[in-house]
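Throughout, residue positions are numbered sequentially from 1 according to the sequence presented. In each ligand, atom 1 is the first atom listed, and ligand 1 is the first ligand listed.
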Amino acid sequence: MKTAFILNGPNLNLLGTREPAVYGSRTLADVRALCEKACAAHGFALDFRQTNHEGILVDWIQEAGQAQASGSAVGVILNAGAYTHTSVALHDAIKGAGVSLIELHISNVHAREAFRHYSYISPAARAVMAGFGVEGYGLAVAALATF
Ligand code: DQA
């Protein structure tokens with residue numbers, strides 16, 4: 001059974017109480033439960049993580065790339081939070097790790113502030129999803145199954 005890495009960046013630990021009009025009322029624990037169901041339905045093991053630290057995301061992307069290269073992982077779903085719009089290091093990590101990665105956003109970043117319209121992740125990602133709310137995580141797991 002291959003592992004799906006679902007990696008979450010800064011402030012996503014606050015889901016449920018953080019700007020509920022934008023991100024909804026479900027918590028990160030709810031999202032993890034949703035991902036567990038979706039992974040079980042698609043025959044994946046789930047490795048679900050969250051960190052507020054950019055370098056830790058870099059480490060995890062490298063780890064996922066090694067797991068994919070060894071055949072034990074299918075790829076990564078990454079919600080990099082605000083690092084999406086700032087991080088050359090994450091762009092380089094995705095390219096360097098050679099990992100199949102879906103960039104995910106809960107909100108439709110293109111309908112929000114201009115500073116959210118550019119993503120350093122998108123040019124290195126295999127696919128991009130935004131605006132499906134937390135249900136997007138389940139949809140992204142289904143998309144991983146097509147890789
Ligand atoms: C987000 C969108 C980002 O712009 C923001 O900084 C986040 C969450 C989303 O899931 O919609 O932290 O990635």
Report yes if some heavy atom in the side chain of [X] is under 4.5 Å from a heavy atom in the side chain of [Y]; otherwise report no.
X      : Y      : answer
Thr3   : Leu46  : no
Leu139 : Met129 : yes
Leu57  : Leu78  : yes
Asp47  : Ile6   : no

N or O contacts of ligand 1 with protein under 3.5 Å, please list pair by pair.
| residue | atom | partner | partner atom | Å |
| --- | --- | --- | --- | --- |
| ligand 1 | 4 (O) | His85 | NE2 | 2.7 |
| ligand 1 | 4 (O) | Arg116 | NH1 | 2.9 |
| ligand 1 | 6 (O) | Ala82 | N | 3.2 |
| ligand 1 | 6 (O) | Arg116 | NH1 | 3.1 |
| ligand 1 | 10 (O) | Asn79 | ND2 | 2.9 |
| ligand 1 | 10 (O) | Ile106 | N | 2.8 |
| ligand 1 | 11 (O) | Ile106 | N | 3.2 |
| ligand 1 | 11 (O) | Ser107 | N | 2.9 |
| ligand 1 | 11 (O) | Ser107 | OG | 2.6 |
| ligand 1 | 12 (O) | Arg18 | NH1 | 3.2 |
| ligand 1 | 12 (O) | Arg18 | NH2 | 2.9 |
| ligand 1 | 13 (O) | Asn79 | OD1 | 2.8 |
| ligand 1 | 13 (O) | His105 | ND1 | 2.8 |

- Would you say the side chains of Thr84 and Glu103 form a donor-acceptor pair under 3.5 Å?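 No donor-acceptor contact under 3.5 Å links the two side chains.
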
Quiz: residues 58-67 side-chain donor-acceptor pairs under 3.5 angstrom, not counting sequence neighbours:
| residue | atom | partner | partner atom | Å |
| --- | --- | --- | --- | --- |
| Glu63 | OE1 | Arg49 | NH1 | 3.1 |
| Glu63 | OE2 | Arg49 | NH2 | 2.9 |

